[in-house]
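Bear in mind the structure is a predicted one, so any value in this text is a computation, not a measurement. Convention: sequence-line order gives letters A, B, ...; per-chain numbering from 1.
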2 protein chains.
Amino acid sequence: MQTELRLGELCERLSEAQDHDDLARAVAGLRDTYDVEHVVYHCVRSGGEQWGALTYPKEWVDAYVKEDFKSIDPVVAACFSRPTPVDWKALDWSARPARELLGSATASGLGSQGCSLGVRGPSGRYALFSVNDRMSDGLRSRFTDARVDEMILAAHYIDSRAQEMEAEPVAKLRTLSPRETDALTLLAKGLGRAQAAERLAISEHTFRVYVESARNKLGARNTLHAVAHAMSLGLICL
Amino acid sequence: MQTELRLGELCERLSEAQDHDDLARAVAGLRDTYDVEHVVYHCVRSGGEQWGALTYPKEWVDAYVKEDFKSIDPVVAACFSRPTPVDWKALDWSARPARELLGSATASGLGSQGCSLGVRGPSGRYALFSVNDRMSDGLRSRFTDARVDEMILAAHYIDSRAQEMEAEPVAKLRTLSPRETDALTLLAKGLGRAQAAERLAISEHTFRVYVESARNKLGARNTLHAVAHAMSLGLICL
DNA sequence: ACGAGCCTCCCCATTTTGGGGGAGGCTTTT
DNA sequence: AAAAGCCTCCCCCAAAATGGGGAGGCTCGT
């Protein structure tokens with residue numbers, strides 16, 4: 001197995017990538033360089049449906065989507081809260097849905113060993129970068145630190161390119177005034193209007209004006225929608 | 001200037017880091033290795049107040065917090081939506097608040113050139129990794145791609161350690177049933193209860209049961225709080 | 001000087017939500 | 001077999017929110 005990843009090659013392919021197929025080709029090149037069974041970029045959550053740039057057989061990808069394995073996949077759950085690479089072997093696969101996932105993967109000819117790293121972006125965006133092999137011992141334990149570095153860099157570059165491809169032209173990023181931000185933030189934190197107004201040392205009437213104003217700026221249908229939208233845009237945070 | 005960053009040294013310091021001071025020492029070691037004016041890890045948004053592990057003088061840090069520069073800092077805003085490193089020189093500093101920030105920084109003896117990379121985590125977490133120097137031309141243009149790689153890796157490792165230090169013991173991660181998730185997601189997207197119930201092909205009474213149930217599971221005070229909380233935990237996404 | 005935006009405050013009628021209650025059928029796990 | 005959770009449906013009443021309207025003072029940018 002090669003001991004050095006030519007990220008220059010990956011970056012070159014990514015810089016020319018225009019669509020998901022181009023990303024898939026870049027990921028396939030990575031698999032060949034790593035000399036592993038599969039390399040996977042799985043965009044779990046973004047503005048639209050989940051999608052992936054990967055080397056898995058179509059049969060397995062179709063089964064994964066059809067059975068909605070994303071909602072019970074221990075890898076997806078584990079990487080959601082851990083910032084470091086996760087060895088699949090270390091996860092709990094005892095639950096029946098997880099065993100079904102494994103069975104289905106094996107039936108599609110895949111190895112059950114792998115390593116994944118979660119990547120996050122704005123507006124709750126969440127993606128997974130995985131390396132999969134059929135060898136009996138975990139990839140993570142076989143990887144040197146240098147290889148973890150390469151995994152992190154590969155994940156970052158692929159996700160960056162994916163975000164760039166998805167980005168809507170930011171014609172006009174909505175912003176809120178400080179008081180509007182305060183008003184929505186306090187509501188998001190669970191305070192009622194009366195309590196929030198008191199917290200800000202203003203009247204409920206005034207508080208309401210800020211909420212209405214923010215709602216109009218965000219083009220929201222109601223207060224809840226305004227709060228959710230503001231959170232999604234990263235304008236407020238709990 | 002050295003052409004190779006010894007990330008092994010950074011990782012060693014980080015693996016032993018127990019608090020923010022340890023992180024600051026690791027960051028200071030990085031500054032010495034890079035041979036630059038300052039290196040900064042700025043946790044802009046997480047569960048608590050903003051904080052940083054950095055080499056800036058206390059005078060400047062105090063001024064930054066006191067003037068609430070975070071809310072107008074073009075670097076903070078730019079890195080929020082860009083997944084790749086941002087050269088400060090390329091940003092718009094013409095607005096008065098931004099000029100005040102620059103003036104204050106210069107008065108504190110800082111250079112105005114730098115490069116920053118945004119890092120994201122769960123629950124809307126957002127941090128910045130920056131390298132600052134007083135040289136007249138932008139660091140970004142002087143950095144080779146190898147240096148960008150090191151910047152990305154350094155940002156990742158520091159943020160990972162920071163997250164590990166902050167992580168509350170996950171005694172019980174709240175989850176929602178699929179229907180509860182659907183109900184909150186549709187409300188977050190701006191549908192009214194009647195419309196959302198129709199979308200799910202259930203009655204409004206039933207829809208309401210899911211909302212109430214989700215609200216109880218999340219320990220939320222009202223529906224808006226439940227939606228905001230679910231988004232914050234990454235349970236639903238727009 | 002003027003316009004835009006922010007911050008502040010008030011009113012009424014209608015609609016929606018929250019809090020409480022009730023119920024049954026199905027699947028999964030232990 | 002039993003318990004727990006999910007999915008489905010219905011009711012009432014009080015409180016809160018929404019949708020519409022009104023207003024003035026201050027600061028900043030052009």
Value in whole Å for how far the P atom of D:dA17 lies from CD of A:Glu212: 12 Å

Partners passing side-chain hydrogen bond (donor to acceptor under 3.5 Å, both in side chains) against B:Lys66 (at least two apart in sequence or in another chain): none

Close side-chain approach of A:Val75 and A:Leu128, heavy atoms under 4.5 Å: yes

B/S/- contact track for nucleotides 3-10 of chain D, protein heavy atom under 4.0 Å: ---SSBBB

Residue pairs fulfilling ring pair (Phe, Tyr, Trp, His ring centres under 6.0 Å) with at least one residue in residues 84-126 of chain A, sequence neighbours excluded: A:Phe80-A:Tyr126

Beyond-backbone contact of A:Arg179 with A:Ser213, side-chain heavy atoms, under 4.5 angstrom: no

Protein-nucleotide distance (B:Leu224, atom CG; D:dA16, atom P), rounded to Å: 16 Å

Protein-nucleotide distance (A:Asn222, atom CG; C:dT15, atom C1'), rounded to Å: 13 Å

A:His42 and A:Tyr64 aromatic ring geometry - parallel, tilted or perpendicular at 30°/60° bounds: perpendicular

Whole-Å gap separating P (C:dT15) and CZ (B:Arg208): 18 Å

Between C1' of D:dA17 and CG of B:Leu187, the distance in whole Å: 15 Å

Parallel, tilted or perpendicular, as decided by the 30° and 60° cut-offs, for the rings of A:His229 and A:His225: tilted

Residues that A:His38 engages under side-chain hydrogen bond (donor to acceptor under 3.5 Å, both in side chains), provided they are two or more places apart: A:Thr55

Interatomic distance where CG belongs to B:Asn216 and P belongs to C:dG20 [whole Å]: 10 Å

In a table with atom names and distances, give each donor-acceptor pair under 3.5 Å that connects a side chain of residues 199-207 of chain A to protein atoms at least two apart or in another chain.
from     : atom 1 : to       : atom 2 : distance (Å)
A:Ser203 : OG     : A:His205 : N      : 3.3
A:Ser203 : OG     : A:Thr206 : N      : 3.0
A:Ser203 : OG     : A:Thr206 : OG1    : 3.0

Heavy-atom side-chain contact between A:Asn132 and A:Val39 under 4.5 Å: no

Length of the line joining A:Gln195:CD and D:dA15:P, which is rounded to integer Å: 18 Å

Phosphate OP1/OP2 of C:dG18: any B:Arg193 side-chain N/O under 4.0 Å: yes

Five-pair end axes of the helix from C:dA1-D:dT30 to C:dT30-D:dA1 and the angle they enclose, rounded to 10°: 70°

A:His225 NE2 to C:dT16 P, straight-line distance once rounded to whole Å: 17 Å

